[in-house]
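When reading the values below, keep in mind they use all heavy atoms of this one structure, side chains included, and skip hydrogens, waters and symmetry mates. Both ligands and their constituent atoms are indexed starting at 1 by order of listing.
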Amino acid sequence: MSEAFDLIVLGAGPGGYVCAIRAAQLGMRVACVEGRDTLGGTCLNVGCIPSKALLQSSEEFYHAVHALEAHGIRIDRIAFDLARMQARKSAVVEANVKGVEYLFRKNKITWVKGWGRIVAPGRVEVSGTTYEARHLVIASGSESMPLDGVTVDEKRIVTSTGGLVFEEVPRHLVVIGGGYIGLELGSVWRRLGAEVTVVEFLDRLLPGMDSEVAGQFQRILGKQGLKFRLGTKVTEAETDGAQVRLRLQPSAGGEVSELVADAVLVAVGRRAVTERLGLTELGVRLDERGRIAAGADFSTSVPGIHAIGDAIAGPMLAHKAMDEGTAVAEIISGRAAHVNYDAVPGVVYTWPEVAAVGKTEDELKVAGASYKVGKFPFTATPRARAMGETEGFVKILADAATGAVLGAHILGPDAGTLIAELAMAIEFSASAEDIAMISHAHPTLSEAVKEAALAADGRAVHL
Ligand code: FAD
Ligand code: NAD
């Protein structure tokens with residue numbers, strides 16, 4: 001049996017489901033094949049959304065314990081119910097997943113359940129049925145990177161998926177990897193009372209983020225009680241079912257030490273999913289890091305097959321996948337579209353948040369660029385003082401000659417929301433002066449952005 005479509009999308013994560021919806025809006029007959037039981041991919045099911053739900057709940061608890069007294073609010077007994085917290089998280093996931101189901105129905109997208117294999121250009125086989133389409137888009141996403149010597153059982157030694165469903169707070173959680181997942185989930189369990197040790201291979205956290213921001217962020221997390229073993233690698237982890245014994249070594253080699261944990265979270269990066277799709281047989285080329293090689297128009301080495309999201313190069317972020325999903329749908333339907341990767345923000349949803357867009361100062365130094373820096377601390381921002389959230393700063397990097405914003409980095413309250421203005425500045429090739437001329441409401445956190453823009457020209461007022 002065979003059914004014909006204009007477009008078949010493989011994978012219903014943020015890349016795939018957005019691509020399917022946009023293509024349907026553009027008048028195409030669309031099918032979306034998804035192997036897991038629900039729509040939404042990694043992000044909605046076991047990624048962005050459940051982690052943000054737990055970050056929110058744990059933050060509410062931490063705030064109640066540590067911050068309310070300073071506001072003159074006394075609560076005599078504060079406790080949390082982890083089962084209820086986890087149930088709330090599941091409800092948040094379900095609401096989002098159902099939302100995508102509704103959008104599929106609204107846009108008349110056929111949801112094909114099962115794992116899809118491309119048997120020829122334009123032909124996808126799912127559980128014995130072949131579906132045909134003029135265009136195929138692979139949006140197969142990514143999975144946790146395994147680590148030699150550390151076998152994941154998703155109980156004691158977990159990936160982020162297991163780290164989202166603990167039924168008890170581990171007494172001691174060792175997190176391998178001080179990146180996005182390690183610091184977000186490490187924060188969740190620390191706030192709920194776990195002792196958390198982050199073991200990071202490099203001598204800093206969050207590689208890829210501005211090193212000044214990462215340094216100050218580490219100090220803040222340290223004050224929240226997270227412990228760090230930087231420049232260290234885990235060579236082996238052994239579990240007896242109750243505890244895990246880890247062997248650690250300096251990254252450059254040297255004396256081995258041991259650490260005992262109740263649970264271990266492996267968060268050393270993610271890799272593209274390219275299995276089960278029939279790519280080798282078709283001759284779809286992969287790049288040097290095993291991702292599907294795709295051009296700026298998302299075409300692969302095989303005509304009629306496009307690829308987007310975590311499965312191709314670029315930051316593994318949901319909004320990047322969504323932007324690519326929209327762009328590829330437009331391109332397939334004969335329109336012009338592109339993604340400006342210089343303006344894709346990245347946000348770590350800890351407290352405080354870390355947000356970045358464009359170049360880091362480290363990158364500008366290496367490139368020998370001529371730039372100026374405008375920095376403004378939240379301690380000098382009236383709204384941040386009123387909130388009692390004064391840690392961190394806004395840092396804007398601008399071209400020395402033209403003032404064009406090259407990069408922006410925010411460590412502080414609601415940094416993830418504040419960064420949008422700076423992504424827009426980069427998208428519109430605006431200068432720091434342009435930002436400084438915009439009226440920013442008082443008292444808001446966004447005044448720190450304006451002041452940092454003024455500071456780039458030595459004109460900050462409140463400093
Ligand atoms: P995915 O979301 O991985 O979806 C791919 C889908 O394709 C999967 O559902 C898979 O089952 C399906 N699939 C694969 N092969 C086949 C096949 N052969 N047939 C049928 N279906 C197939 N990003 C952010 O921007 N913000 C965040 O806050 C954030 N938090 C995260 C937290 C965690 C714990 C994790 C793990 C990730 C987080 N991310 C976050 C990253 C984000 O989840 C990914 O960048 C995003 O999901 C990528 O979207 P995608 O559509 O490319 O792939
Ligand atoms: P990551 O790349 O952010 O961090 C991995 C960390 O592990 C790095 O600091 C790396 O140096 C370290 N590392 C690598 N090998 C190691 C080893 N052997 N021992 C110790 N440390 C080692 O990866 P992640 O945290 O696993 O997350 C994967 C991706 O998912 C992220 O890069 C991001 O794109 C996405 N994500 C995004 C968000 C968000 O947007 N808020 C949240 C979670 C995940």
Please check whether E275 reaches ligand 1 - meaning an N/O of the residue sits under 3.5 Å from an N/O of the ligand, judged on distance alone. no
Tell me, please, which residues at least two apart from E391 pass side chain to side chain contact (heavy atoms under 4.5 Å, CB included). I220, K223
Which atoms of ligand 2 are found less than 4.0 Å from any heavy atom of L317? 34 (O), 37 (C), 40 (O)
Does ligand 1 have any atom that is closer than 4.0 Å to a heavy atom of K52? yes
Please work out, at 4.0 Å between heavy atoms, whether the side chain, the backbone, both, or neither of E184 comes within that distance of ligand 2. side chain
Using a strict cut-off of less than 4.0 Å between a Lys/Arg side-chain nitrogen and an Asp/Glu carboxylate oxygen, indicate whether K52 and E184 qualify as a salt bridge. yes
Against heavy atoms of V347, which atoms of ligand 2 measure under 4.0 Å? 39 (C), 40 (O), 41 (N)
Does S142 approach ligand 1 within less than 4.0 angstrom via side chain, backbone, both or neither, non-hydrogen atoms only? backbone
Mind checking whether P14 contacts ligand 1 via backbone (N, CA, C, O), side chain (CB onward), both or neither, at a 4.0 Å heavy-atom cut-off? both
Counting only heavy atoms closer than 4.0 Å, does ligand 1 sit against the backbone of L317, its side chain, both, or neither? both
Heavy-atom contacts with A321 under 4.0 Å: which atoms of ligand 1 show up? List them by number with element. 49 (O), 52 (O)
Please state whether S51 comes within less than 4.0 angstrom of ligand 1, counting heavy atoms only. yes
Closest approach of any protein heavy atom to atom 33 (C) of ligand 1, naming residue and atom: G47 CA, 3.3 Å
Any atom of ligand 1 sitting under 4.0 Å from a heavy atom of P315? no
The protein heavy atom nearest to atom 7 (O) of ligand 1 is G11 CA, 3.2 Å
Look at K395 together with E361 and state whether they make a salt bridge at an N to O cut-off of under 4.0 Å. yes
Who's the nearest protein heavy-atom neighbour of atom 17 (C) of ligand 1, and how far? W115 CE3, 3.5 Å
Per-residue contact class, L202 against ligand 2 - non-hydrogen pairs under 4.0 Å: side chain
Show every ring pair (Phe, Tyr, Trp, His ring centres under 6.0 Å) that has at least one partner inside residues 168-201, sequence neighbours left out. F166-W189
For ligand 2, is any non-hydrogen atom under 4.0 Å from L205's backbone (N, CA, C, O), its side chain (CB onward), both, or neither? neither
Among all the protein's non-hydrogen atoms, which is closest to atom 3 (O) of ligand 2, and how far away is it? Y180 N, 3.1 Å
Heavy-atom distances under 4.0 Å are what count here, so tell me which part of Y349 touches ligand 1: side chain, backbone, both or neither. side chain
In terms of residue, atom name and distance, what is the protein heavy atom nearest to atom 4 (O) of ligand 2? G179 CA, 3.3 Å
Specify side chain, backbone, both or neither for A139, according to which of its non-hydrogen atoms lie closer than 4.0 Å to ligand 1. backbone
Can you tell me if R270 contacts ligand 1 (heavy atom of the residue under 4.0 Å from the ligand)? yes
Heavy-atom contact under 4.0 Å between P315 and ligand 2? no
Taking the non-hydrogen atoms of V126, is any one of them nearer than 4.0 angstrom to ligand 1? no
re atom 23 (N) of ligand 1, the protein heavy-atom contact at minimum distance is A318 N, 3.4 Å
